[in-house]
Amino acid sequence: MYVDNFLDEVSIKSLQENFSKLNYTAVKNPDGKLYGHRHTFPKSFHNDPLIKLIKKYFFPHRNLEPISVSAHLRKNNKEPLFHVDTVKGNVANFLFFVKGEPLLNNGTGFLNNGQLSSHIGFIENRALFFNGNKIWHSDLQSFGESSERVTLNIFYKDADD
């Protein structure tokens with residue numbers, strides 16, 4: 001599921017400003033292809049008010065807790081890198097479109113039976129919540145016009161396990 005205008009104007013502007021100051025490190029997939037660049041936040045970020053807002057909106061009756069919280073910077077990938085997220089214990093993903101041009105190919109695509117079945121275009125302040133451990137997904141920047149995009153990515157586990 002996804003929702004637009006997830007944060008108020010002041011909060012999204014603050015997040016965009018803060019994410020522009022982060023130090024990002026190159027990240028490659030198991031085949032050695034560049035996924036993009038990542039900044040992993042310390043565990044103390046797991047108590048941020050944003051984490052509480054995500055829970056309130058997307059899973060108020062489910063006891064999930066963050067495994068990892070990171071910012072991702074991607075630009076003009078040469079090919080889609082469809083994947084599932086294999087972080088141990090991951091049962092849900094939060095993907096937040098922080099900064100980038102509002103282009104369809106800046107967004108994220110989802111596969112069903114090996115075929116592209118959903119394509120969620122990039123719009124700043126759009127929040128997505130899905131099971132990234134089971135649903136194959138990728139940015140779709142290689143499909144056409146795109147720009148640099150910055151996202152917030154959170155992997156969740158069941159806190160009751």
Side-chain angles (χ1 to χ4, degrees), residues 1-7 11-12 14-31 33-59 62 64-77 80-111 118-142 146-159:
M1 74 170 107
Y2 73 92
V3 63
D4 290 338
N5 301 311
F6 185 66
L7 297 177
S11 297
I12 185 64
S14 175
L15 200 63
Q16 289 171 334
E17 183 179 321
N18 290 333
F19 276 35
S20 71
K21 298 174 186 174
L22 296 174
N23 293 318
Y24 293 88
T25 304
V27 178
K28 296 183 178 183
N29 73 359
D31 297 331
K33 295 181 180 172
L34 182 69
Y35 264 139
H37 297 80
R38 177 183 300 151
H39 173 89
T40 302
F41 292 98
K43 221 163 172 75
S44 60
F45 191 84
H46 296 194
N47 296 318
D48 191 89
L50 176 57
I51 303 296
K52 293 177 178 134
L53 177 63
I54 295 165
K55 176 178 178 45
K56 179 181 174 184
Y57 191 88
F58 285 104
F59 53 95
R62 193 167 173 197
L64 300 178
E65 63 183 36
I67 299 170
S68 70
V69 180
S70 58
H72 283 250
L73 171 69
R74 291 189 177 151
K75 50 185 161 187
N76 303 324
N77 282 335
L81 298 173
F82 283 99
H83 62 282
V84 290
D85 296 307
T86 57
V87 177
K88 186 170 172 47
N90 181 45
V91 297
N93 290 30
F94 176 79
L95 177 62
F96 185 67
F97 295 158
V98 177
K99 184 121 179 95
E101 295 298 318
L103 301 167
L104 189 61
N105 293 320
N106 256 4
T108 300
F110 300 91
L111 299 181
S118 298
H119 192 165
I120 309 298
F122 191 99
I123 295 176
E124 291 178 355
N125 205 6
R126 177 174 277 173
L128 290 76
F129 192 75
F130 62 99
N131 185 338
N133 188 37
K134 294 187 178 177
I135 300 171
W136 286 79
H137 57 282
S138 175
D139 71 80
L140 297 176
Q141 293 178 314
S142 64
S146 68
S147 72
E148 180 175 284
R149 78 177 216 175
V150 178
T151 61
L152 171 66
N153 300 56
I154 304 175
F155 299 139
Y156 285 95
K157 68 178 182 176
D158 276 313

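To the nearest 0.5 angstrom, Leu95 atom CG is 9.0 Å from His72 atom NE2. Between the CD atom in Glu65 and the CG atom in Asp158 there is a gap of 9.0 Å [rounded to 0.5 Å]. Atoms CG and CZ, from Asp139 and Arg74 in turn, are 5.0 Å apart once rounded to the nearest 0.5 Å. Atom CD1 in Ile154 sits 8.5 Å away from atom OG in Ser70 (nearest 0.5 Å). Distance check: Leu152 CG to His39 NE2 gives 10.5 Å after rounding to the nearest 0.5 Å. A distance of 7.0 Å separates OG1 in Thr108 from CG in Leu140, rounded to the nearest 0.5 Å.
Partners of Asp48 under the side chain to side chain contact (heavy atoms under 4.5 Å, CB included) rule, at least two apart in sequence or in another chain, are Phe45, Leu50, Ile51. In this view, Ser138 satisfies the side-chain hydrogen bond (donor to acceptor under 3.5 Å, both in side chains) rule with no residue, not counting sequence neighbours. Thr40 meets the side-chain hydrogen bond (donor to acceptor under 3.5 Å, both in side chains) test with no other residue; sequence neighbours excluded. In this view, Glu101 satisfies the salt bridge (Lys or Arg N to Asp or Glu O under 4.0 Å) rule with no residue, not counting sequence neighbours. Looking at residues two or more places apart in sequence or on another chain, you find a side chain to side chain contact (heavy atoms under 4.5 Å, CB included) between His46 and Lys43, Pro66, Val69. Residues that satisfy the salt bridge (Lys or Arg N to Asp or Glu O under 4.0 Å) test with Lys55, not counting sequence neighbours, are absent from this structure. Scored by the side-chain hydrogen bond (donor to acceptor under 3.5 Å, both in side chains) test, Lys88 finds no partners at all (sequence neighbours excluded). Every residue two or more places apart in sequence or in another chain was checked for a side-chain hydrogen bond (donor to acceptor under 3.5 Å, both in side chains) with His37, and none qualifies.
Between Phe97 and Phe19, the gap from one ring centroid to the other reaches at least 6.0 Å.
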Taking only distance into account, with no hydrogens and no angle test, what donor-acceptor pairs under 3.5 Å do side-chain atoms of residues 118-137 form with protein atoms, sequence neighbours excluded?
from: His119; atom 1: NE2; to: Leu104; atom 2: O; distance (Å): 3.0
from: Glu124; atom 1: OE1; to: Gln16; atom 2: NE2; distance (Å): 3.0
from: Glu124; atom 1: OE2; to: Gly100; atom 2: N; distance (Å): 3.0
from: Asn125; atom 1: OD1; to: Phe6; atom 2: N; distance (Å): 3.3
from: Asn125; atom 1: OD1; to: Leu7; atom 2: N; distance (Å): 2.8
from: Asn125; atom 1: ND2; to: Leu7; atom 2: O; distance (Å): 2.8
from: Arg126; atom 1: NE; to: Asp4; atom 2: OD1; distance (Å): 2.4
from: Arg126; atom 1: NH1; to: Gly121; atom 2: O; distance (Å): 2.6
from: Arg126; atom 1: NH2; to: Asp4; atom 2: OD1; distance (Å): 3.2
from: Arg126; atom 1: NH2; to: Asp4; atom 2: OD2; distance (Å): 3.1
from: Asn131; atom 1: OD1; to: Asn133; atom 2: N; distance (Å): 3.0
from: Asn131; atom 1: OD1; to: Lys134; atom 2: N; distance (Å): 3.3
from: Asn133; atom 1: ND2; to: Asn90; atom 2: O; distance (Å): 3.4
from: His137; atom 1: ND1; to: His83; atom 2: O; distance (Å): 3.3
from: His137; atom 1: ND1; to: Ile135; atom 2: O; distance (Å): 2.8
from: His137; atom 1: NE2; to: His83; atom 2: NE2; distance (Å): 3.3
from: His137; atom 1: NE2; to: Asp85; atom 2: OD2; distance (Å): 2.9

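Panel note: side chain Arg38, backbone Val27; no donor-acceptor pair is recorded below 3.5 Å.
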Practice task
Begin from the C-alpha positions of Leu15 and Phe96 and carry the test side chain to side chain contact (heavy atoms under 4.5 Å, CB included) through to its verdict.
Solution key: CA-CA 11 Å; Leu15 200 63; Phe96 185 67; 3.6 Å; yes
Practice task
Just do the side chain to side chain contact (heavy atoms under 4.5 Å, CB included) check on Val150 and Tyr24 with the steps written out, would you?
Solution key: CA-CA 11 Å; Val150 178; Tyr24 293 88; 3.8 Å; yes
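Here the side chains of Leu53 and Pro49 are not in contact, with every heavy-atom distance at 4.5 Å or above. Using a 4.5 Å heavy-atom threshold, the side chains of Tyr156 and Ile54 count as touching.
Shown here is Phe59, whose CZ atom has more than 12 heavy atoms of other residues, nucleotides or ligands within 6.0 Å.
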